[in-house]
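Right, one structure below, let's go through it.
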Amino acid sequence: MKPLPGELIPGYALLAAAEAAPEQGIFIPLSSLPTLTAAEAATADGDGREVVRAVIEAAYQSSAVIPDADKAINLTLTKSQPQGIGPDEYRETITVTARLKKNPTTQLVDIVAEPAA
């Protein structure tokens, strides 16, 4: 069974152009990314690294609570143990593994469909 976007990213919504957005897009409330501050997310002077880290961390935390029987097998997220590199500083790896296929007609790459339940 494949997880829905909202299972991986809390608060996920696909907004149509007519809804309070300038064009079709994905909306993630800042409150759904607890490791991200408004200052880090600011368009003019925020930190893109923190935005990416917050989205990946949110996806990891959400996928971690999906029962094993319901987890996707063609898209997985794993996290390493933190490795200390100095006072109050550490490295951590979150790995996203995807089984992909290329559409020979469109040349677009998609995640391979999950097997039927």
**Joint hydrophobic cluster, Val112 plus Leu108, side-chain heavy atoms closer than 4.5 Å** = no

**Request:** Enter the distance from Ile56:CD1 to Ile94:CD1 here, rounded to the nearest 0.5 Å.
**Result:** 6.5 Å

**Asked** Quick one: salt bridge (Lys or Arg N to Asp or Glu O under 4.0 Å) partners of Asp88, sequence neighbours excluded?
**Response** none

**Message:** When you compare the side chain of Thr97 with that of Leu75, does any pair of heavy atoms fall below 4.5 Å?
**Reply:** no

**Complete:** To the nearest 0.5 Å, atom CG of Leu33 lies from atom CZ of Arg53 at 10.0 Å

**Message:** So which atom in Ala58 and which in Ser32 form the shortest heavy-atom distance, rounded to 0.1 Å?
**Reply:** CB-O, 4.0 Å

**Complete:** Residues Glu7 and Ile66: closest non-hydrogen pair is CB-CD1, 4.1 Å

**Request:** Hey, could you give me each pair passing salt bridge (Lys or Arg N to Asp or Glu O under 4.0 Å) that has a residue in residues 56-67? Not counting sequence neighbours.
**Result:** Glu57-Lys79

**Request:** Specify the closest pair of heavy atoms between Glu40 and Thr35, including all atoms of both residues, with the distance to one decimal.
**Result:** OE1-O, 3.6 Å

**Asked** Between the side chain of Asn74 and the main-chain N/O of Ala113, is any donor-acceptor distance below 3.5 Å?
**Response** yes

**Message:** Assigning hydrophobic clusters by single linkage (Ile, Leu, Val, Met, Phe, Trp, Tyr; side-chain heavy-atom cutoff under 4.5 Å), is Leu77 placed with Val65?
**Reply:** no

**Prompt:** Are more than 12 heavy atoms from other residues, nucleotides or ligands located less than 6.0 Å from atom CD of Gln107?
**Reply:** yes

**Message:** Quick one: does any side-chain atom of Glu50 pair with a main-chain N or O of Leu36 as donor and acceptor, under 3.5 Å?
**Reply:** no

**Request:** Write down the atom of Ala72, the atom of Glu114, and the distance for their closest heavy-atom approach.
**Result:** CB-OE2, 3.5 Å

**Fill in**
Looking only at heavy atoms, the pair that brings Tyr90 and Pro82 closest together is CD1-CB, 3.5 Å

**Fill in**
salt bridge (Lys or Arg N to Asp or Glu O under 4.0 Å) filter on Arg49, not counting sequence neighbours, yields Asp47

